[in-house]
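Heads up, the thing below is written out as structure tokens.
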There are 2 protein chains.
Amino acid sequence: MFAKKGFSSVSMRHLSKAVNMSPAAIYHYFPDKNTLYLETVKYAFADKEEAFSVVWQDNHSAKTKLVLFVTSLIQELTLDPMFHTLILREVVDANPERMKMLANDIFKEQFCFLLSVMKEIAPEKDEHLSAISVLSLCKHHLEMQPLRQHLPGWKHEHEQPDVLAKHVIELLLKGL
Amino acid sequence: MFAKKGFSSVSMRHLSKAVNMSPAAIYHYFPDKNTLYLETVKYAFADKEEAFSVVWQDNHSAKTKLVLFVTSLIQELTLDPMFHTLILREVVDANPERMKMLANDIFKEQFCFLLSVMKEIAPEKDEHLSAISVLSLCKHHLEMQPLRQHLPGWKHEHEQPDVLAKHVIELLLKGL
DNA sequence: GTCTATATGGCGATAGAC
DNA sequence: GTCTATCGCCATATAGAC
């Protein structure tokens, strides 16, 4: 509900109805709405690391790692759009403390793996910008879906994870 | 205020204070809060086409058009972050009617120019996906700024429009 | 641990004076 | 065209019974 409608558009009354409780009962488990929201975000992001554990195995070449990462990320974001929307809401709201927490506790480890792959594949490029570019290509196609489906040239197949992944990987490796 | 805090976190009382009016006075100009918001969005997006009129001039080669477009877009988004945040909020909220309006009335024309450039530069690729990829690389670096400044490898210079534009253009033309 | 009842205050919107 | 006053509603949060 937070991902779909945003923090202030979801009331304790709505939440309580969704779990068949009175609003007051929720306050037995959480001191206030803000804490409840924070716990929700942490919970939603907590188990995402596992999905990528296969990607960074040592016996893979850098290029294979990149291909696997792009594929896995697009897959994960497609299968769990709520996860994706929640990230987006967090970034738009941009609470500095929460940003720091997200960066350090949730994304840092995966980002470091990606950085080291970038260093190997494109040593002459700035690896931070390269890594962010990889993320942007994966994330943005899905993020813009509500808008781009109304733009010229859109096809149904553009929403398929494997079609998207193929496009992104080719673009990254060879350019336009 | 809508860009910064979102529709439901900005009250008519807040708005009225910001313009030194009583809440009731605003209702003389707008029938309700929703209409006021829509007018705000239209106003914020209305004059953005002009910024790109130079880009699509016929005497430019396709490659030059791409370079100019990337440079202009990153410039525009950096100079007017409110514009950028407002797009993002619209996409996250994803009201179907408003998406259609935005696509047809605001973005379509520019997107078509970009599509035709993509067709010329990368004829064997899907031009819709290519065009969205260009947008994603420009937009996402700025969008992620609050988060990525806490991620490893970040430097101050990564926020400079020309550094970003150079990176994006090289990536698009040659790959990693 | 869950409920009903309620305190307290902000919300969008309107009525009607000036 | 702007104001004060207010309606009716919903918000977060708490008190206290069971």
Side-chain angles (χ1 to χ4, degrees), chain A residues 1-47 81-83 85-102 105 146, chain B residues 1-47 82-83 85-102 105-106 146:
Chain A
M1 294 169 76
F2 283 135
K4 198 172 179 187
K5 315 212 294 167
F7 180 79
S8 42
S9 296
V10 178
S11 72
M12 297 301 276
R13 283 171 167 82
H14 295 146
L15 288 176
S16 68
K17 265 191 192 155
V19 292
N20 278 323
M21 273 182 172
S22 71
I26 297 185
Y27 283 89
H28 178 73
Y29 299 94
F30 302 95
D32 52 37
K33 190 187 171 186
N34 204 52
T35 308
L36 190 158
Y37 174 73
L38 276 176
E39 295 291 321
T40 307
V41 174
K42 272 190 206 164
Y43 178 80
F45 289 2
D47 59 341
M82 189 201 71
F83 169 59
T85 316
L86 209 50
I87 298 178
L88 211 53
R89 288 213 183 268
E90 278 297 298
V91 173
V92 177
D93 283 357
N95 178 300
E97 268 182 54
R98 293 215 304 267
M99 284 297 105
K100 227 170 172 173
M101 186 268 280
L102 283 178
D105 299 358
Chain B
M1 295 169 76
F2 283 134
K4 197 171 181 187
K5 316 211 295 167
F7 180 80
S8 43
S9 295
V10 177
S11 71
M12 297 302 277
R13 284 168 170 81
H14 294 146
L15 288 176
S16 67
K17 264 190 192 155
V19 292
N20 279 321
M21 272 182 174
S22 72
I26 298 184
Y27 284 88
H28 178 73
Y29 300 92
F30 301 95
D32 53 36
K33 190 187 173 188
N34 203 53
T35 307
L36 190 158
Y37 174 72
L38 276 177
E39 296 290 322
T40 308
V41 174
K42 274 190 205 165
Y43 178 80
F45 288 3
D47 59 340
M82 189 202 72
F83 168 58
T85 316
L86 210 49
I87 298 178
L88 212 53
R89 288 215 182 266
E90 278 297 298
V91 173
V92 177
D93 283 357
N95 177 301
E97 268 180 54
R98 294 214 302 267
M99 284 298 105
K100 229 170 170 174
M101 186 267 280
L102 283 178
D105 300 358
I106 315 280

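Here is the naming used below: chain letters follow the sequence lines, and residue numbers restart at 1 for every chain.
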*asked:* Using whole Å, what does the distance between atom P of nucleotide dG1(C) and atom CG of Asn20(A) come to?
replied: 18 Å
*Assess whether atom NZ of Lys33(A) is packed by more than 12 heavy atoms of other residues, nucleotides or ligands within 6.0 Å.*
yes
*How close or far is atom P of dC3(C) from atom NZ of Lys17(A), stated in whole angstroms?*
13 Å
*With the sugar-phosphate defined as primed atoms, P, OP1 and OP2, and the base as all remaining atoms, what B/S/- string results for nucleotides 7-14 of chain C, 5' to 3', for protein heavy atoms under 4.0 Å?*
----BBBB
*asked:* Quick one, Glu39(A) and Tyr29(A) - any side-chain contact, counting heavy atoms below 4.5 Å?
replied: no
*Salt bridge check: are Arg89(A) and Asp93(B) linked by an N-O gap of less than 4.0 Å?*
yes
*Any donor and acceptor pair, going by atom type alone, linking the side chain of His14(A) with main-chain N or O of Ser11(A) inside 3.5 Å?*
yes
*In Å, rounded to the nearest 0.5 Å, how long is the span from CD1 of Ile106(B) to CE of Met101(B)?*
6.0 Å
